[in-house]
Structures are given as C-alpha cells and as structure tokens.
Student: 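Pasting a structure below so you can have a look.
To find a chain, count down the sequence lines: A is the first, B the second, and so on, and within it residues start at 1.
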Amino acid sequence: MEIFNSMTRKKEPFVPIREGKVGIYACGPTVYNYFHIGNARPFIIFDVLRRYLEHRGYEVTFVQNFTDIDDRMIQQARQDGTTVQAVAERFIKEYEIDARALGIRPATVHPRATEHIPQIIAMIRKLMDKGLAYESNGDVYYRVKAFPSYGCLCGQNLGDLDCGARVSVDEQKEDPLDFALWKAQKPGEPAWESPWGLGRPGWHIECSAMSTTYLGEHFDIHGGGKDLLFPHHENEIAQTSGATGQPYVNYWMHNGFINIDNEKMSKSKGNFFTVRDIGKEYDLQAVRMFMLSAHYRSPINFGREMIQQAASSLERLSIAKDQLAFLMASAQEREPDEGEAAFMAACDQARAHFYDAMDDDLNTADALSAIFDLARDIHKLPLTPASRKAIAYGQETFSALTGVLGLLEGREEEISPEVQAMVQERAQARKDKNWKRSDELRDAIKALGYILEDTPAGQKVRKGQ
RNA sequence: GGUGCCAUAGCCAAGCGGUAAGGCGAAGGUCUGCAAAACCUUUAUUCCCCGGUUCAAAUCCGGGUGGCACCUCCA
C-alpha cells in the first residue's frame with residue numbers, strides 16, 4: 001500500500017514499524033458542541049483506513065482523542081452555566097450517537113486530555129530539562145528556535161514564519177513563535193496542580209502526550225484535517241521529538257476540506273452544518289457515501305444535490321445486496337454453471353480492483369467503482385434458482401468490500417409480520433388478477449416504509465420510500 | 001510577502017505518458033396487468049487556454065487564465 005505522506009509530499013510505500021501491526025492516531029473532536037460535517041470527514045476517512053488495514057490483516061491500534069479542555073470548552077460551560085466536565089460528558093455522548101449513525105466504529109482508545117495531566121506534565125518537564133521550554137509567570141512555553149527542524153512538516157522555514165508576522169505578540173514569550181505548553185489558571189477556570197502552579201495544558205501538548213502513551217514514542221500514522229498541519233501537528237513534532245530525541249510519526253495524513261458553495265465552512269461565516277442537523281433530513285449513510293465518492297485529499301463541496309446523488313448511488317448498492325439475498329433464498333446445492341463461474345471470476349476481479357484502488361493512497365472513489373461493477377454483475381444473474389455456492393461467494397465478496405468502506409451496515413431490518421401478511425394476500429390477489437386489490441396492498445405496504453416489486457421469481461420487498 | 005492545492009460531460013468524480021473508469025441525472029428500448037427495479041443503447045473525437053518535449057500528453061515541462069487553502073482558533 002502507498003500512502004501520501006504530508007511530511008515528504010509524496011506517496012510512499014507503507015511499511016509498519018512492527019510487522020503486522022499499525023498504530024494510528026487521529027485528532028478527535030473538541031467536545032464543546034455537536035460536530036459538523038467538516039469534522040466528520042476525517043472521522044470517516046480514518047475509520048476507513050483502519051478498517052482497510054484490519055481487512056488486510058494488520059492488527060491496528062487506533063487512537064482518537066477527545067479534547068475536553070480548552071478555551072471553547074470553558075466558554076461553552078460558562079454560556080450553559082455548567083462545568084467544563086459536564087459539557088464534555090454531554091458532547092462525548094452526542095459524538096457517539098452521530099458517529100454511530102455515520103458508521104464510524106469506536107476507536108481502540110478514546111483518551112481524554114483531562115485524564116492525562118500527569119503524562120502531559122511529565123512531557124513538559126522533559127522539554128524544560130532539555131532547554132526546549134521555559135516558564136514565564138506560571139505559563140510554560142515551547143522555545144521554537146531551539147528546535148532546528150521546526151517547520152519541516154508545513155514546509156515553511158523559520159524565517160518565512162517570522163515574515164508571516166501575524167503571530168500574536170505576547171510579553172510573556174521570548175519569541176512570538178513560541179507556543180504555550182501550560183497555561184496558568186485564570187479566574188474561574190478549571191485547573192490542575194503542576195510544578196508551575198495551578199493551570200491547564202496548552203493547545204498541542206495533549207496530542208503528544210496521549211499518542212505516545214498509547215502508541216509509543218514513535219508510531220506509524222498520524223492523521224487529521226489539512227488545517228492541523230500548521231501549527232498543531234508541527235508543534236506536536238517539536239514537542240514529541242524534542243522530548244524523546246527520536247522520530248515521532250512515520251506517515252502524516254491530512255484530509256482536504258469540505259466547502260459550502262466553494263467556500264470554507266466556518267462558524268464565523270455561519271455556513272456550517274452539524275451532522276445532527278443533516279441527519280434530520282438525510283440518512284447519514286448517504287453522507288458517508290458522499291465523503292467516499294472523492295479522494296480524501298481533495299476539497300469537496302457539500303450541498304443538497306451532492307447528498308441526494310450519494311443517496312441514490314447508495315440505494316443502487318443496497319438493492320444489489322438485497323438481490324443477492326433474494327437469490328440466496330431460492331438457491332440450490334449444486335456446482336456453479338458456466339455463467340455463475342464467470343460471476344465468481346468477476347467477484348475476484350472486483351476485489352482485486354478494489355484492493356488496487358485502496359492501496360493507492362486510499363482511493364475510495366476508484367474502489368467504489370469496483371463495487372458498482374460488481375453490483376452490475378449481481379443484477380445480471382438470472383432469476384432462476386442459482387447455485388448456493390456462487391451466491392454465497394458473491395455475498396462474501398460484496399459484504400467484504402462494502403464492509404471495508406463501512407457502507408450498508410445495520411440495514412437488515414426484519415420485515416414485520418404485518419407486512420408479510422399483506423405480501424401474502426397480494427400474491428393471491430395477483431393470482432386472481434384482482435389488480436385493484438393488488439395495487440391497494442402495494443400502496444399500503446409503501447405507506448409502511450417498504451417498496452414492493454414484482455419479479456419473474458415472485459414479489460420482492462425492501463425497506464425504502 | 002511566503003507556502004501549497006485544484007481546473008475532466010448537465011452534476012459528482014477516477015485516471016497522472018499509450019489513445020477518456022464509475023455514480024447521479026436525462027433520452028430511447030426490453031421486461032411488466034400497471035408500477036418499480038434491473039438490463040441494453042445513447043449522453044466528453046476530448047480533458048481551462050497557449051506554447052514545448054515525445055512515435056505517443058488529460059497525463060511531463062514552460063507561460064497564461066480562473067478557483068481554493070495555509071502562514072491566526074479551526075477537521
């Protein structure tokens with residue numbers, strides 16, 4: 001597999017540090033609110049990466065943090081007249097609800113910043129011992145100019161950053177580029193004991209502390225949104241490599257942004273959508289499909305039409321899956337005939353195409369086309385009783401591939417007995433050529449949320465509108 | 001000022017040196033009591049423009065044009 005490494009800006013063959021094992025850290029949400037569609041992209045992308053690596057036989061440790069202490073958390077708590085902790089508890093639960101609906105599996109570990117204060121303090125101490133950090137009135141800052149390779153990730157050198165000159169000037173700092181590792185407590189803020197007095201961790205240090213706690217000081221893949229490249233990930237490298245004296249991460253992966261009307265989504269512009277709100281109108285599986293329909297590094301434009309297109313595409317896949325189940329119901333124990341053997345070969349071909357695409361820096365758009373090709377082959381299977389072996393092979397392939405993308409999961413709702421009875425009655429009505437009754441029943445079934453179709457092999461019912 | 005990214009049909013989107021995947025939509029056909037789904041056919045002689053390299057370029061190089069992002073909290 002090849003992965004585009006933001007550090008080198010090239011696709012590189014993926015070689016894990018320890019054979020057969022992969023450690024991945026992805027920056028998770030700050031749990032001060034519902035997460036938005038833009039946040040959802042990395043969650044979905046890295047969920048797919050994790051699923052794919054597992055599918056290919058790696059033992060994956062996937063860590064995604066919850067940032068449960070920062071300015072926004074404090075602000076939200078004030079606004080709600082509650083504690084930071086209560087805000088965190090609430091929105092972690094809300095995260096889990098939306099994540100599940102998007103088909104995002106829970107990570108191996110979801111560490112929380114506030115539960116890793118000792119590790120954070122230990123790392124800051126190490127940095128101070130090495131002269132890479134200094135205290136100033138209860139704050140602790142990173143001494144950026146003491147870390148020569150600073151800027152290696154974002155491709156800026158220190159001089160250029162200086163030129164940027166939009167870095168805040170702060171009397172407390174030795175240099176405008178320096179960033180906070182520890183912030184002294186301000187009135188009314190939650191705080192923890194530290195060698196520098198009461199305070200809380202700065203912005204970037206939590207990810208360094210938590211990632212190394214669970215994945216070791218040097219691990220395989222670190223991911224996040226493109227905007228995190230600088231300064232967040234740049235600072236993580238400075239902190240971690242600075243403290244440990246060794247490389248931090250082998251592969252940096254950054255996903256592109258989601259735009260609204262070709263503009264960056266941002267709170268200040270008010271053009272953002274929470275996943276919770278979108279879920280009120282659309283099946284969130286369609287949102288997942290939408291995300292996977294383009295390469296993860298490209299920017300994508302979010303809009304109503306896009307979601308509808310994704311929903312239609314997904315429907316096509318869903319119907320193919322139903323079709324296999326339908327064929328299975330009448331399948332026979334016999335060897336595949338010539339056509340079925342060709343179908344099985346097509347399954348292998350689809351799988352190979354899928355793997356090629358995924359191996360190419362997670363090209364989900366191309367991988368999807370392999371699944372669509374397979375869907376077409378499924379629909380071409382005759383409705384005459386099929387070989388169980390061939391259909392099982394198709395099901396296995398189809399569910400493996402859609403499973404890697406996390407699509408079409410949790411959709412096997414039982415058809416209620418009530419609907420089944422109506423389907424039975426309709427079969428009789430059709431036999432009697434009682435079209436009026438037959439159509440009434442079909443409408444009634446539709447009203448209950450099912451689509452009923454007549455096929456040469458009988459009636460077929462599926463969930464849908 | 002510095003650093004990057006992108007431009008492919010009505011829409012979305014792969015392809016990144018060998019002669020345009022896939023999806024959505026649309027049109028016609030087949031099937032069907034009707035419908036739905038599905039299948040078949042059609043829907044880019046051409047990949048923003050201009051040069052260049054090459055037997056061969058959407059793909060490489062140079063120059064334009066037009067979008068976007070980062071350098072500040074942000075997925």
Student: Just N and O in the side chain of A:R376: are any of them under 4.0 Å from OP1 or OP2 of B:rG23?
Tutor: yes

Student: Heavy atoms only, 4.0 Å cut-off, all strands: where does A:R426 land among base, sugar-phosphate and nothing?
Tutor: base

Student: Return whichever of A:R9 or A:L368 has its heavy-atom-nearest nucleotide of RNA chain B closer to the 5' end.
Tutor: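 Going by which nucleotide is closer to the 5' end, it is A:R9.
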
Student: Within the structure shown, what part of the strands sits under 4.0 Å from A:F257 by heavy-atom distance: base, sugar-phosphate, or nothing?
Tutor: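 The residue A:F257 makes base contact.
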
Student: In terms of the nearest nucleotide of RNA chain B, which residue is placed more toward the 5' end: A:F290 or A:R297?
Tutor: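 Its nearest nucleotide being more 5', the pick is A:R297.
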
Student: Name the nucleic acid region contacted by A:I258, choosing base, sugar-phosphate or nothing; use a 4.0 angstrom heavy-atom cut-off, strictly under.
Tutor: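 The residue A:I258 makes base contact.
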
Student: Say you pick atom P in B:rA21 and the same atom in B:rC55; how far apart are they, in whole Å?
Tutor: 27 Å

Student: Determine if A:W435 stacks with B:rG33; use a centre-to-centre distance below 5.5 Å and an interplanar angle below 30° as the criteria.
Tutor: yes

Student: Checking all strands, does A:K460 fall into the base, sugar-phosphate, or nothing category for heavy-atom contacts under 4.0 angstrom?
Tutor: nothing

Student: When you compare B:rA20 with B:rU46, how far apart are their P atoms, in angstrom units rounded to a whole number?
Tutor: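 Taking atom P in both B:rA20 and B:rU46, they lie 12 Å apart.
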
Student: Is there a side-chain polar atom (N or O) of A:R316 under 4.0 Å from OP1 or OP2 of B:rC39?
Tutor: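 So the side-chain polar atoms of A:R316 do come within 4.0 Å of the phosphate oxygens OP1 or OP2 of B:rC39, strictly under.
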
Student: Between B:rU65 and B:rU41, how far apart are the two P atoms, rounded to whole Å?
Tutor: 45 Å

Student: Any base atoms under 4.0 Å from A:E453, or only sugar-phosphate, or nothing? Heavy atoms, all strands.
Tutor: base

Student: Within the distance-only criterion (no hydrogens, no angle test), does the side chain of A:S6 pair as donor or acceptor with the backbone N or O of A:W252 below 3.5 angstrom?
Tutor: yes

Student: Quantified in whole Å, what is the P atom distance between nucleotide B:rA14 and nucleotide B:rA75?
Tutor: 24 Å

Student: Atom CD1 of A:I37 and atom P of B:rC74: how far apart are they, to the nearest Å?
Tutor: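 Between P of B:rC74 and CD1 of A:I37: 20 Å.
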
Student: At under 4.0 Å between heavy atoms, what does A:D439 touch on the DNA or RNA strands: base, sugar-phosphate, or nothing?
Tutor: base

Student: P atom, B:rU8 versus B:rA58: distance in rounded Å?
Tutor: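 B:rU8 and B:rA58 have their P atoms separated by 15 Å.
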
Student: Return the value, rounded to whole Å, for the distance between atom CH2 of A:W252 and atom C1' of B:rA75.
Tutor: 14 Å

Student: State whether a side-chain donor-acceptor pair under 3.5 Å links A:H232 with A:D227.
Tutor: no

Student: Between B:rA7 and B:rC16, how many Å separate the two P atoms, rounded to a whole number?
Tutor: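 Nearest-Å result for B:rA7 against B:rC16 at atom P: 13 Å.
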
